[in-house]
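Order of the sequence lines sets the chain letters (A, B, ...), proteins ahead of strands, with each chain counted from 1.
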Number of protein chains: 2
Amino acid sequence: MAHELHEKGLRLTPQRELVLSAVRSLGHATPEEVAEKVRSTHPGINLSTVYRNLETLENVGLVLHTHLGHGGATYHAAEELTHLHLVCSDCGAIGDAPIDAAANFVNTLSDDYGFKTDVTHFAIYGLCAKCAEKNDQKKRTDGKTK
Amino acid sequence: MAHELHEKGLRLTPQRELVLSAVRSLGHATPEEVAEKVRSTHPGINLSTVYRNLETLENVGLVLHTHLGHGGATYHAAEELTHLHLVCSDCGAIGDAPIDAAANFVNTLSDDYGFKTDVTHFAIYGLCAKCAEKNDQKKRTDGKTK
DNA sequence: TAGGATCTTGCAAATTACTCGCAAGAACAA
DNA sequence: TTGTTCTTGCGAGTAATTTGCAAGATCCTA
Ligand SMILES: [Mn+2]
Ligand SMILES: [Mn+2]
Ligand SMILES: [Zn+2]
Ligand SMILES: [Zn+2]
């Protein structure tokens, strides 16, 4: 019992270690991106092995998934999920904000509804500053033109 | 130019009208559920017609989609999206809360990051009151047992 | 109000993103 | 070592959604 995977009761395989370190080095990544990263060291790895290891690692709490877009999930190292994701519906940019920005909101939901929010599982969706400004300008121009 | 679909520049077909009214009557529904509803009146409708019309109706602002779970999207009538969705990670229950509950949060993100949040596109994810309590009890029991 | 341009539908096939069954190949405890 | 149990690669299987296309419907226009 020395390696962190052993501590979680998992066998230590090269594939599993590589998947974990790929997730850690990528920040957030889709299974496909994790596979691609792993292949740079271990070309033979199968996609289903990646999927299975992501699930296993999530079960023991070493990685987590979040939803940043309309489809699929992206994976994070568990210890690194310390920010909100602000996803722009217009340009797709992914910004960060500290979790504290949601502290009051989380407390409100807890106090009023007994609901214990995990603010990181889904992204916060909307318009980034740049796109919001762009849209405002267009609206003003359209107004004059009409 | 009388019918609301004409006002949006769309042709009025029975399928399109039925998809729209199915979305309106269902509250929130997956494409599959919309199709099933439409089939009660128009058995022959094809699933791809439902998908295409949901997209078209969303483009002109009559319907919207949100993400309530890990996969797929669910559709709403645009005028009816007036609440947050509180989705329980444990039991899957979908609760509602008024959008106002997020007003401060939305303002914070706007003031500090210039980010204009759409709080309804993704669900708010976490533990419902029931499951949160259940988990607490289990933790206390486990503590004594160990 | 017929005729034609344009849009929409149904149907079948294609795609995408996963998931599963299985036999061979590790990993680990004894 | 050796046997048990877990993990991997591989191929096939699903589920959800998308696309190409030809036939059919809607709407505009003369
Ligand atoms: Mn979406
Ligand atoms: Mn999820
Ligand atoms: Zn943007
Ligand atoms: Zn629950």
Visitor: Would His67(A) and His70(B) count as a close aromatic pair, with their ring centres under 6.0 Å?
Guide: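 Close enough - the centres of the two rings lie under 6.0 Å apart.
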
Visitor: Any side-chain N or O of His6(A) less than 4.0 Å from the OP1 or OP2 oxygen of dA27(C)?
Guide: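 Negative; the distance criterion is not met.
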
Visitor: Please name the residue in the list Val119(A), Asp96(A), Thr66(A) that meets the side-chain contact (heavy atoms from CB on, under 4.5 Å) test with Leu84(A).
Guide: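 Single side-chain contact (heavy atoms from CB on, under 4.5 Å) partner of Leu84(A) among Val119(A), Asp96(A), Thr66(A): Val119(A).
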
Visitor: Tell me if the aromatic rings of His85(A) and Phe122(B) count as close, with their centers under 6.0 Å from one another.
Guide: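 Judged by ring-centre distance (under 6.0 Å), His85(A) and Phe122(B) do not meet the cut-off.
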
Visitor: How is His42(B) classified with respect to the nucleic acid when contacts are heavy atoms under 4.0 Å: base, sugar-phosphate, or nothing?
Guide: sugar-phosphate

Visitor: Given dA26(C), is OP1 or OP2 found less than 4.0 Å from the side-chain N or O atoms of Gln15(A)?
Guide: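 Negative; the distance criterion is not met.
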
Visitor: So, does Tyr51(A) get its side chain near the phosphate of dC18(C), meaning an N or O under 4.0 Å from OP1 or OP2?
Guide: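 Answer yes for this pair, as a side-chain N or O of Tyr51(A) is under 4.0 Å from OP1 or OP2.
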
Visitor: Is the shortest side-chain heavy-atom distance between Leu10(B) and Leu57(B) below 4.5 Å?
Guide: yes

Visitor: To the nearest angstrom, how far is His70(B) atom NE2 from dA16(D) atom P?
Guide: 15 Å

Visitor: Taking Leu5(A)'s backbone N and O only, do any of them form a donor-acceptor pair with His3(A)'s side chain (distance below 3.5 Å, no angle check)?
Guide: yes

Visitor: May I have the distance from Tyr75(B) (atom OH) to dA16(D) (atom C1'), rounded to whole angstrom?
Guide: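 Result: 12 Å.
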
Visitor: Is there side-chain contact between His28(B) and Glu80(B), with heavy atoms separated by less than 4.5 Å?
Guide: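 Answer no - side chains too far apart.
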
Visitor: For dT8(C), does either OP1 or OP2 sit under 4.0 Å from a side-chain N or O belonging to Thr13(B)?
Guide: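 For dT8(C), OP1/OP2 do not have a side-chain N/O of Thr13(B) under 4.0 Å.
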
Visitor: Between Ser110(B) and Lys116(B), is there a side-chain heavy-atom distance shorter than 4.5 Å?
Guide: yes

Visitor: Measure the distance from CG on Asn59(B) to P on dC7(C) and round it to the nearest whole Å.
Guide: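 Going from Asn59(B) (CG) to dC7(C) (P), I get 14 Å.
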
Visitor: What is the distance from CD of Glu17(B) to C1' of dT9(C), rounded to the nearest Å?
Guide: 16 Å

Visitor: Report the nucleotide, chosen from dT5(D), dT26(D), dT8(D), that has the shortest atom-to-atom distance to any side-chain atom of Asn53(A).
Guide: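 In terms of side-chain proximity for Asn53(A), the closest of dT5(D), dT26(D), dT8(D) is dT8(D).
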
Visitor: Scan residues 25-41 of chain A against DNA chain D and write down, sorted by residue number, each residue with any heavy atom closer than 4.0 Å; if none is found, say none.
Guide: none

Visitor: Check the distance between dT9(C)'s P and Ile45(B)'s CD1 and give it to me in whole angstrom.
Guide: 7 Å

Visitor: Which is true for Gly71(A) with a 4.0 Å heavy-atom rule: it touches a base, it touches only sugar-phosphate, or it touches nothing?
Guide: nothing

Visitor: State, with a plain yes or no, whether a side-chain heavy atom of Arg16(A) is found less than 4.5 Å away from one of Leu62(A).
Guide: no

Visitor: Rounded to whole Å, please give me the gap between NE2 in His67(A) and P in dC18(C).
Guide: 10 Å

Visitor: Over how many whole Å does the gap from Leu54(A) atom CG to dT7(D) atom C1' extend?
Guide: 15 Å

Visitor: CD of Glu55(B) versus P of dC7(C): gap in Å, rounded?
Guide: 15 Å

Visitor: What I want to check is whether an N or O donor and acceptor connect the side chain of Arg52(A) with the base of dT8(D) at under 3.5 Å.
Guide: no

Visitor: Using a 4.0 Å heavy-atom cut-off, does Leu47(A) contact any base of the nucleic acid, only the sugar-phosphate backbone, or nothing at all?
Guide: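 Answer is nothing: Leu47(A) stays at 4.0 Å or more from every strand.
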
Visitor: Respond yes when some side-chain nitrogen or oxygen of Arg16(A) is under 4.0 Å from OP1 or OP2 of dT7(D), and no when none is.
Guide: yes

Visitor: Indicate whether OP1 or OP2 belonging to dT18(D) is found under 4.0 Å from a side-chain N or O atom of Ser48(B).
Guide: no

Visitor: Does dA12(C) have OP1 or OP2 under 4.0 Å away from a side-chain N or O of Asn46(B)?
Guide: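 For Asn46(B), the contact criterion (side-chain N or O under 4.0 Å from OP1 or OP2 of dA12(C)) is not met.
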
